[in-house]
Every structure is written in structure tokens, then in C-alpha cells.
Amino acid sequence: MSKTIIISNRLPLQISIEDYNLEVSPSVGGLATGLKSFHRDGDSLWIGWTGLTEEEIPETLAKDVKKKAREEACVSVNLTAEEIEGFYYGFSNRTIWPLFHYFMEYTEAEQSYWEIYKQVNQKYADEVLRHYEEGDIIWVHDYQLLLVPNMIREKAPEAIIGFFNHIPFPSYEVFRTLPWREEVLEGVLGADLIGFHTYDYERHFLSSVSRILRLQVDFNEVSLPDRIVKVDSFPMGIDYEKFEQAALNHFKNTSEEQSDLQNRLDHHLKTTPDAKLILSIDRLDYTKGIANRIRAFEYFLDRNPEYVEKVRLVMLAVPSRSNVPQYQRLKREIDELVGRINGKFSTVNWTPIWYFYRSMPFENLIDLYTSCDVALLTPIRDGMNLVAKEFIATRTDHTGVLILSEMAGASHEMNEALLINPNNFEQISFALKQALQMSKEEQIQRNKMLQKRLKRYSVEKWANDFMKALKNTESNRDSSQSIRISTQVSSEILDTYKNAKRRILFLDYDGTLVDFTDKPEKAKPDKELIELISKLNKGNKTDVVLISGRDKHTLGNWWSETNVELISEHGVWMRKQNSEWELSENVKNDWMEAVRPVIENFVDRTPGTFIEDKNYSLAWHYRKADPELGEMRANELSSVLKELISNHGLSVLEGNKVLEIKSSDVNKGKAAGKKLVGNEYDFIFAIGDDWTDEYLFRELPEDAYTVKVGIKNTSAQYYVEDTKKVRAILRLFAEHT
């Protein structure tokens, strides 16, 4: 039976060693907490690190650690202290984390970190492959494992792989500064489905893919040679019932059952019944805006002195990455800020900030969520922020006010909260005053709407929606009508080729025999290709026709030493073997002078584009243009040209990053049809990569073998992934010519 394999940096459990005894406890953190129920209730295997380095595990306990993990349906990945330093504290948290959160000044680009990051990602991928069986679904999580999807794909090409990024994805302008940007994007694109918390992150990722890798992006799909990658947003929820039920149970506790923290909170509420508690909970991280939050609270007290002794900021900062220098400096800054503000405002009976620097058990979190009147969460940049959702879920009487940074992913779903810019102290101060003065009726109205939404879109629904979309990618793999040329299909075509008495091969050039280049003149045939075409063309049984949109001058020069038949400009010119060029069609070019200024205007407005002059057509190339601008201008130019030439017997061909204006009477299909007249071929083969080749595929007889290069909507029967696969097929033909 197939299973789901979940892969994350850490397992949802923590194994510790005390006096040679193993103790297992649940991990805390958004992902571990969020996916725990999904993992528990489903048939899944979770792969990750236990939290213990290889050096910390005595040899006698190594097997026991693995056994303890397996008892929880987990598989441990062993990491050394050096690997943790370079992979986790190094590349993950000194390179990716700050860069993806827009803290470029903290970003370190160390080659040694990158090398260890790759090495550890390979470890995770290898562990997955050891447990992977055909039919399993693989779900990779987060920024520590950006390379894992493609590492798995390379060894298991048919696997169904999902990837979810739990932190923001930065804009192209920020992401492009990463030295290993191509490798990171290619690593993530090993997945079939890539998920983000918000549409903004999805949009940034697609923009980087388009601009850096120059891949075709259509809406939320990335076209790779062998498959389509879907990119979508799935805002992560929480285990709503868990927090709601915990809050209900909390209120049933007797005074003897209450925690020390709750007793302290109750004492405050009894002695100052009119005072309000403002809650702040975060990991101690520079992305969370904690220092700004404290300064904004000071600003609020300065501007509203009537709230002195009437409010208290209850601040929990959970220790995080305490051996990273930036976090150490942040800890000192926050300690100093809290000390200064408490010294500035404190009275005999009141301190403005209660500051806790530690982790708290779940029961204490519920104490804080249920006792505080306002939650103040002001991250400068945050992938989601589940604390905001947890606070709302625990408000069983529907009271309480959430103040939330608009930079948190959760803000997109929580419009009923008071949304603020975390850098605007005036706005935060105003929101605090609004929250403290808000009527209970308004609080209830806002929270009921929030709770209804959060309850509906829980973590279970988030996980199920992602998994459903991931499973759908399997059925979408064969969405094109064509069949991939596998080893078996290739063998069947070759048998027909060998048994044929007379064969003809129609071969497109750019994007088929050679890869595209930024400048068309650089796509000159290499020695291997010339030898391959020459070998195919040697026998009397095989006619090879290079049929291209190239101008006759360029195509003729490149193949001047090879006695192969050429058709250029989509069928305008033809050069038979041992012959000169001749016009295949009676076409005119007097229209070109009227159209060229229109295209030149678009060249001037679109950097990186240029015009290619042919004898009877004009081509506007935009491969080097900014992808989004290029597509926008191409659509605009296409509309302008179609209107301009509508009554002149001309048409606009939309090729691969090129628009070409030519006679409507000329196309590759018509040229190929002329070649077939009077010749009895019992093997016809045609291969090409763009829309201009569709005319060829449609014109050929039904028994012809038509092949598209790349996965695209096509009328061809078959497809291959790239130019390497094209040459591989032609080499098989050449061996039996």
C-alpha cells in the first residue's frame, strides 16, 4: 500500500539522552505542531533529524535512537556537528533565512556553507530514496531542504513530489543576489507541486523562475522539458479544535489545578481590574520586529500617559539560534530596551513590561492566550504567523483584539484584525488605543468572523488541500495528447524505420537540433551535428530535409559543406541536393517597408529585442528582454500587426520568444506537402519545437511519425524532452541507414 513520506529538517519529536536513557518528547514549532495530526492519522513516514548529532549519540544507543524514531513512524537522518554548523546554522540560517526575509545586511554567502548544505540535502534525499516505493507520495518541507526535490527526481523520475516553503519567498530583485540562485530554483523545481502561504510569495517565485532560468511561465505553471510544475498558495491553518478545547478546559480548572503563571495573571487581574494585558509571543528573531514593538509600546505610553498603570505588555521571547551572532546582539538589545522602559515608567505597584525569555509548555501558552486582552504581533516579515491564529482560536467568549503586522502571511486571511505597518510607531500606537477602547460588541463581531474562517481552514484542510492538488498533478502529467518517446516507443519507431524501403525526415533546426541562444547567429551547427546529418543523408533510402524559419543565407552558409536538402523561411526557399536556392512560392516583400517602422518602435521601447530581416519576412526576437515585459510587448505587437496586415495576405507567427510576419500562403506544412507529391515514402518522420511546426504535423499523412520537442499542446503524436533526446533518436536512425 502506498504511503506519504514527509521530509523536514527536524522530526516532530525530540530525543534526549539522560544517563544513557532515551527520552522522547514532542517537538514544538509550527511545522511539527501543524502536521502532527496529519502524520498521526494517515499512513505516513516522517524523515528528519532528531536534534542529536552523531557525536552526541553513544555507539551503544545508536540503534535504540533509530528504534525510538520508528516507533513514532519516523526515520532519523544522522548529522554530524560539523554538518549542523554548516547546513543549519550556516547556509540555512545565515544565508537563506535573512535573505528570504529581506535582511540582506545579515546575509552571508560562504562557499563552505553552500557545499555542506548540498551534502546534507543529498543525505535527506538518499534517506527518502531508501524508503521510497512506487506509488508513494513525497512531501518536502521548507528552506533547509530546497535542493531535495530535484535530488529525488534525478533518481526517481516518476515520483510524485510536493514541496512547501514555510517562509516568505523574496522578490526577484532580492533573490537574484544569491550566488547559487539557479541551483536553488532548479532544486525546488524537482517537485510537481510547489506551495507557498500567500500569492505574493508564489508570484515572487514565478518571477525569479522566469527571469533567472528563462523558463516559460503560464499563469501558475512552469513548463519544463519533461513535465509541468504547478505553483500555488495554500495558507497554513492550525489544529483549531485543539486550541479551542484547551481554552475551554482551562476555564474549568480549579484554583488548585491552575499553573503558577495563571495564578500570577489572576493576581494582576484582581488587584487592577481595569488594567489590560497586551500579549506578545515570538521566537527571538530579528524578523519578528520585537525591538520595534517595544519601542512602539514606549511611544504609546509617551503619547497616552493616562494608560500608565492601566496596561501591561506581557512579552514571551522563545530562545532561538542563540549561537548565531545576530541573535546574540538582538537578545542584548531587547534586554536593554526592556530594562530602560521598565526603569522609565515603573511605579511602586506596576511595571509596564513582563518579560519572559524562555520556552513555555502548552498549558502556559493557553494561560497567556486566554488571560490577555490584546495580542500585539508585529513581525517585519513573516511567512505565516500561527500565533495570531492560535490566539483567536482560544477566545471562546469571542472577546479580545488582535493587532497584526500586514507583513505577516496570516494578515491576508485576517482582515478583521487591526492590521498595521510594523515600522510605523504612530500607527501601532493608534491601533493599541483603538484595541483598548474597542467595545465588546465590536470585538465579538470581528472574532466570530475570524473564528469561522480559521475553523473551516484548519491545518487538516490545509494538508488535505495540498495533497489533493499534488495527487492531481499525476493525472495532469499526460495532459498533452502526445506520448513520450520512451525506450519501448523508440524501439518500435526504429523497427519501422529499419524495415522501410524509402524514408524522409523533416527536421526543424532551432530548438530541435540545437538549443536556443540569445543571438540567433550563435546557434551554428557543431561538428557532431554535421557528422550526424551527413551520416543520415548518405544512404539512398533516406531523404533528410532541414526545414527551418531561418533565412536562406544563414542556413545555406552553415550547411554549405553538407549535401542536405534545405527549406528556409518556413517554406519560401528550397535548396535541393547539389542545387541552388529557388523560390518555392511566389511571394512579395513590398509590405516590409511599411511594417518595419512599427516593429522598430517596439525595439526602441523594449530593451533586449531586435529585428531579424529575411528575404520575405520580418522577425522580432525578444528572448533577451525582461520576460514579463517581453510577453506584454509581444501581445501588444501581435495585436497591432494583426490589425495592420489583416487585408494584405500576411500572418503573424508566434514562435519561441519570436514574432514573425510572413505571407499567409507559406508554411512548413505546405512546403512538406510539395516534397511528398510524386514520392512514395513508407516512413515519414517530422520533429519540431514550436507553433510553426504545427502546420507541418497537421499536413503530413496519418501514418507519419510526428514529434514535438518539449511538453506543449500539440497535434504531434509523440514528444521528447529536449535537443539531447532528439539527437539520441537520430543517432539510432543513423546506425541503421
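Bear in mind that the values here come from a model prediction, so they are computed numbers and not experimental data.
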Undergrad: Please evaluate residues Arg203 and Asp200 with respect to the criterion salt bridge (charged side-chain N to carboxylate O under 4.0 Å, His left out), reporting the C-alpha separation (whole Å), side-chain torsions for both, the decisive distance (0.1 Å), and the verdict.
TA: CA-CA 5 Å; Arg203 180 169 52 87; Asp200 284 346; 3.1 Å; yes
Undergrad: Taking all atoms of both residues into account, what is the closest heavy-atom pair of Leu79 and Glu83, and its distance?
TA: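 The answer is CA-OE1, 3.3 Å.
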Undergrad: Given Phe169, which partner from the list Tyr199, Phe175, Phe164, Tyr201 fulfils the ring-ring contact (aromatic ring centres under 6.0 Å, His included) test?
TA: Phe175
Undergrad: How about Phe251: does its CZ atom have over 12 heavy atoms from other parts shown lying under 6.0 Å from it?
TA: yes
Undergrad: Is the shortest heavy-atom distance from the side chain of Lys230 to the side chain of Asn220 under 4.5 Å?
TA: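 Lys230 reaches Asn220 side chain to side chain.
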Undergrad: Decide whether Asn9 and Tyr143 meet the rule of one side-chain donor and one side-chain acceptor closer than 3.5 Å.
TA: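 Note: Asn9 and Tyr143 side chains miss the donor-acceptor criterion.
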Undergrad: How long is the straight-line distance from CD of Gln258 back to CG of Asn253, given to the nearest 0.5 Å?
TA: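 Spacing of CG (Asn253) from CD (Gln258) equals 6.5 Å.
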Undergrad: Search all heavy atoms of Ile138 against all heavy atoms of Leu470 and return the closest pair with its distance.
TA: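 Taking every non-hydrogen atom into account, O-CD2, 3.9 Å.
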Undergrad: Could you check whether atom CD of Glu59 has more than 12 heavy atoms from other residues, nucleotides or ligands sitting under 6.0 Å from it?
TA: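 For Glu59, atom CD is not crowded (no more than 12 foreign heavy atoms under 6.0 Å).
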Undergrad: Could you check whether atom CD of Glu71 has more than 12 heavy atoms from other residues, nucleotides or ligands sitting under 6.0 Å from it?
TA: yes
Undergrad: Is the side chain of Asn364 donor-acceptor paired with the backbone N or O of Ser259 at a distance under 3.5 Å, no angle test?
TA: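 Absent.
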Undergrad: CH2 of Trp139 to CD1 of Ile137: how many Å apart, nearest 0.5 Å?
TA: 10.5 Å
Undergrad: Is a salt bridge present between Arg130 and Glu127, judged by a nitrogen-to-oxygen distance below 4.0 Å?
TA: yes
Undergrad: Is there a donor-acceptor contact under 3.5 Å from the side chain of Lys288 to the main chain of Ala317?
TA: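 No, the answer is negative, given that no donor and acceptor are paired below the 3.5 Å cut-off.
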Undergrad: Determine whether more than 12 heavy atoms belonging to other residues, nucleotides or ligands lie under 6.0 Å from atom NZ of Lys118.
TA: yes
Undergrad: Verify side chain to side chain contact (heavy atoms under 4.5 Å, CB included) between His204 and Phe196, making sure each step is shown before the conclusion.
TA: CA-CA 10 Å; His204 292 328; Phe196 297 95; over 6 Å; no
Undergrad: Minimum heavy-atom separation for Ala109 to Trp180, with atom names?
TA: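 Closest heavy-atom pair between Ala109 and Trp180: C-CH2, 3.8 Å.
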Undergrad: Is the backbone of Gly86 close enough, under 3.5 Å, to the side chain of Arg94 for a donor and an acceptor to pair up by distance?
TA: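 No.
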Undergrad: With the side chain counted from C-beta on, respond yes when Val222 and Leu206 share a heavy-atom pair under 4.5 Å apart, and no when they do not.
TA: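 In short, these two side chains touch, coming nearer than 4.5 Å.
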Undergrad: Could you check if a side-chain atom of Phe356 sits within less than 4.5 angstrom of a side-chain atom of Leu261, using non-hydrogen atoms only?
TA: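 Answer yes - side chains close enough.
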Undergrad: Are a donor atom and an acceptor atom from the side chains of Asp285 and Thr287 found within less than 3.5 Å of each other?
TA: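 Side chains of Asp285 and Thr287: pair found under 3.5 Å.
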Undergrad: Take Val184 and Trp114, measure what side chain to side chain contact (heavy atoms under 4.5 Å, CB included) needs, and give me the verdict at the end.
TA: CA-CA 11 Å; Val184 166; Trp114 168 245; 4.3 Å; yes
Undergrad: Between Glu72 and Leu13, is there a donor-acceptor pair closer than 3.5 Å when you use the side chain of the first and the backbone of the second?
TA: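 No; judged by distance alone, with no hydrogens or angles, the pair does not exist.
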Undergrad: Quick one: does Ser92's side chain have a donor or acceptor within less than 3.5 Å of a partner on Phe87's backbone?
TA: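 The answer is yes, because a donor-acceptor pair under 3.5 Å joins these two groups.
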Undergrad: State whether a side-chain donor-acceptor pair under 3.5 Å links Glu460 with Ser458.
TA: yes
Undergrad: Within 45 degrees of the axis of the six-membered ring of Phe362 and under 6.0 Å from its centre: does Lys242 put its NZ or CZ there?
TA: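 Here Lys242 passes the 6.0 Å and 45° test against Phe362.
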Undergrad: Determine whether a donor-acceptor pair (N or O, by modelled atom type, separation under 3.5 Å) exists between the side chain of Arg153 and the backbone of Ala191.
TA: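 Judged by distance alone, no pair lies under 3.5 Å.
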Undergrad: Between Trp462 and Phe234 (judged by ring centroids, cut-off 6.0 Å), do the two rings come close enough to count as a pair?
TA: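 No, too far apart.
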Undergrad: Do Ile392 and Phe243 come close enough that some side-chain heavy atom pair is under 4.5 Å?
TA: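 Not in contact.
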Undergrad: State, without any angle test, whether Gln111 and Glu115 hold a side-chain donor-acceptor pair at a distance under 3.5 Å.
TA: yes
Undergrad: For Asp335, is there an ion pair with Arg332 - N to carboxylate O distance below 4.0 angstrom?
TA: no
Undergrad: Between Arg293 (side chain) and Ser280 (backbone), is there a donor-acceptor pair under 3.5 Å?
TA: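 It does not hold such a pair.
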Undergrad: Step through it carefully: locate the ring centre of Phe91, locate the ring centre of Tyr117, and say whether they are under 6.0 Å apart.
TA: yes
Undergrad: At their closest point, which heavy atom of Ser223 faces which heavy atom of Asp218, and how far apart are they?
TA: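 Where Ser223 meets Asp218 most closely, the heavy atoms are OG-OD2, 4.2 Å.
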Undergrad: Tell me the closest heavy-atom pair linking Leu404 and Ala388, and the distance in Å.
TA: CD1-CB, 4.1 Å
Undergrad: What pair of heavy atoms forms the shortest contact from Ser8 to Trp46, and how long is it?
TA: OG-NE1, 2.8 Å
Undergrad: May I ask you to test the Gln451-Tyr240 pair for a side-chain heavy-atom distance under 4.5 Å?
TA: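 Side-chain contact under 4.5 Å: yes.
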Undergrad: Report yes if some heavy atom in the side chain of Asn165 is under 4.5 Å from a heavy atom in the side chain of Val188; otherwise report no.
TA: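 When only atoms from C-beta onward are counted, Val188 and Asn165 do not touch, as no gap falls below 4.5 Å.
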Undergrad: With a cut-off of 6.0 Å (strictly less than), are more than 12 heavy atoms of other residues, nucleotides or ligands near CG of Asp260?
TA: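 It does not: Asp260 CG has 12 such atoms or fewer within range.
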Undergrad: Would you say the ring centers of Tyr88 and Trp49 fall short of 6.0 Å from each other?
TA: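 No, they do not, as the ring centres are separated by 6.0 Å or more.
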Undergrad: Does the pair Val75 and Val77 meet the rule for a side chain to side chain contact (heavy atoms under 4.5 Å, CB included), with working shown?
TA: CA-CA 7 Å; Val75 172; Val77 176; 5.8 Å; no
Undergrad: Can you find a heavy atom in the side chain of Gln262 that is under 4.5 Å from one in the side chain of Ser371?
TA: yes
Undergrad: Does Val231 form a side chain to side chain contact (heavy atoms under 4.5 Å, CB included) with Glu202? I'd like the steps, not just the answer.
TA: CA-CA 7 Å; Val231 184; Glu202 174 192 338; 3.6 Å; yes
Undergrad: Output yes when a side-chain donor or acceptor of Asp722 lies under 3.5 Å from a complementary backbone atom of Lys724, and no otherwise.
TA: yes
Undergrad: Is it the case that more than 12 heavy atoms not belonging to Glu56 sit under 6.0 Å from its CD atom?
TA: yes
Undergrad: Taking the side chain as every heavy atom from C-beta outward, state whether Ile366 and Thr394 have any atom pair closer than 4.5 Å.
TA: yes
Undergrad: Any side-chain donor paired with an acceptor under 3.5 Å for His250 and Thr370?
TA: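 Side-chain D/A pair, His250 to Thr370: present.
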Undergrad: Can you tell me if Tyr102 uses its side chain to pair, donor with acceptor, with the backbone of Ser171 under 3.5 Å?
TA: yes
Undergrad: Any donor-acceptor pair under 3.5 Å linking the side chain of Arg381 with the backbone of His101?
TA: no
Undergrad: Does atom CD of Glu82 have more than 12 heavy-atom neighbours, drawn from other residues, nucleotides or ligands, at distances under 6.0 Å?
TA: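 No, the 6.0 Å shell around CD holds no more than 12 heavy atoms from other groups.
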